[in-house]
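I have placed the structure first, in the form of structure tokens, so that the comments after it can refer back to it.
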Amino acid sequence: MTNMENDIVERADFCARRRALLVGLNAFTFGGVSILNWPRFTTPDGIVALTAWYILATVVFLLVVTGGALLGDRRLRALMNDEVSKANRHVAVFVGFCVTLAVAAIAVALPQASLSARTAGYCVVSTGLFVTLLTWAWLELRSWRQV
Amino acid sequence: VNGLRNRIRELRAAQNLTQADLAALAHVSRKTVNTVENGVFVPSTIVALQLARALKAPVETIFELEDHP
């Protein structure tokens, strides 16, 4: 085996661990921003807060879809987004989708007057993305655990 | 997990290979080696064959169904 091959495996390992931690951190950042944004978002002039949240949600969504490894060389990307990572991401997206449906069902079940469509959408997307990121980070970090 | 036993740890130890060494030889990530070795993840045919080639052993001696007689 070549040293170069060993190096790229080590580098991919390091980058994948760092990515898992960053995804976890991102989950709490996004969750925190969504909660802190709430009072401003519900005011009539809350369009700036809503736009900022929407941009952040899009970035988070892209992170989930791409695996957060758009940069770096192809080989490193392939090792980081290996079968295990892809399976973890699929599970995370599935869990996030289930939570999204559950929150949507709760939003529908609540009395019409208490929740506007905008507020319901905000709750559904925020919760779904938060849970997706958190599940993904947890599954990834669990992958290194020795049994 | 999923009825698949493997002897990766045993064969790796016999050849004095670390998980990182085996990952480099098989062109997979260390995370893949760890999860497959611990039975957390069932590998695809490609990964199973890559691991078999790296360990210089036939794939059926590395992986075995748990209900195999």
Side-chain angles (χ1 to χ4, degrees), chain A residues 1-24 63-64 66-95 133 135-147, chain B:
Chain A
M1 118 199 53
T2 63
N3 275 341
M4 213 174 108
E5 195 63 36
N6 248 340
D7 285 349
I8 198 156
V9 167
E10 292 295 331
R11 220 174 114 216
D13 203 46
F14 172 76
C15 290
R17 275 177 200 258
R18 199 176 54 179
R19 179 180 65 181
L21 289 171
L22 282 173
V23 167
L63 173 72
V64 173
T66 62
L70 286 170
L71 303 173
D73 66 73
R74 235 176 96 207
R75 180 99 179 84
L76 183 71
R77 246 187 355 247
L79 284 171
M80 281 178 72
N81 291 322
D82 58 355
E83 285 182 5
V84 181
S85 281
K86 282 178 185 162
N88 287 344
R89 212 159 70 213
H90 287 161
V91 172
V93 169
F94 175 74
V95 171
L133 285 178
T135 309
W136 185 24
W138 178 69
L139 289 172
E140 282 285 289
L141 291 171
R142 203 185 63 161
S143 298
W144 281 282
R145 196 178 59 188
Q146 297 287 332
V147 178
Chain B
V1 175
N2 291 331
L4 190 72
R5 257 197 309 259
N6 75 77
R7 293 175 55 219
I8 293 175
R9 190 178 309 223
E10 184 189 329
L11 292 166
R12 188 169 61 74
Q15 295 176 42
N16 279 326
L17 293 171
T18 62
Q19 285 187 342
D21 293 335
L22 179 59
L25 282 169
H27 306 291
V28 296
S29 68
R30 201 182 74 73
K31 187 170 56 179
T32 298
V33 173
N34 185 50
T35 49
V36 173
E37 186 176 293
N38 289 317
V40 174
F41 182 72
V42 176
S44 69
T45 313
I46 292 173
V47 169
L49 289 169
Q50 280 174 309
L51 290 169
R53 189 162 59 183
L55 288 167
K56 299 182 187 80
V59 75
E60 63 271 22
T61 62
I62 302 174
F63 297 99
E64 193 181 44
L65 292 172
E66 280 189 339
D67 61 354
H68 198 267

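We name chains A, B, ... by the order of the sequence lines, and we start the count at 1 in each one.
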Per-residue contacts, residues 48-55 of chain B versus chain A, heavy atoms under 4.5 Å: none
Residues that B:Asn6 engages under side chain to side chain donor-acceptor pair (under 3.5 Å), provided they are two or more places apart: none
Toward chain B, the part of A:Ala12 with a non-hydrogen atom under 4.5 Å: neither
Short N-O contact, B:Lys31 and A:Glu140, less than 4.0 angstrom: yes
Aromatic A:Trp138 / basic A:Arg142 pairing, under 6.0 angstrom, 45° off normal: yes
Which portion of A:Glu83 sits near chain B, non-hydrogen atoms under 4.5 angstrom: both
Cationic N near anionic O, under 4.0 Å, B:Arg7 to B:Glu10: yes
For A:Arg17, side chain to side chain donor-acceptor pair (under 3.5 Å) partners two or more places apart: none
Among the listed options A:Leu79, A:Ile8, A:Val84, A:Asp13, the residue most often paired with chain B at heavy-atom distances under 4.5 Å: A:Val84
Flag for B:Thr18-B:Asp21: side-chain donor and acceptor within less than 3.5 Å: yes
Side chain to side chain donor-acceptor pair (under 3.5 Å) involving B:Thr32 - partner list, sequence neighbours excluded: A:Asp82, B:Ser29
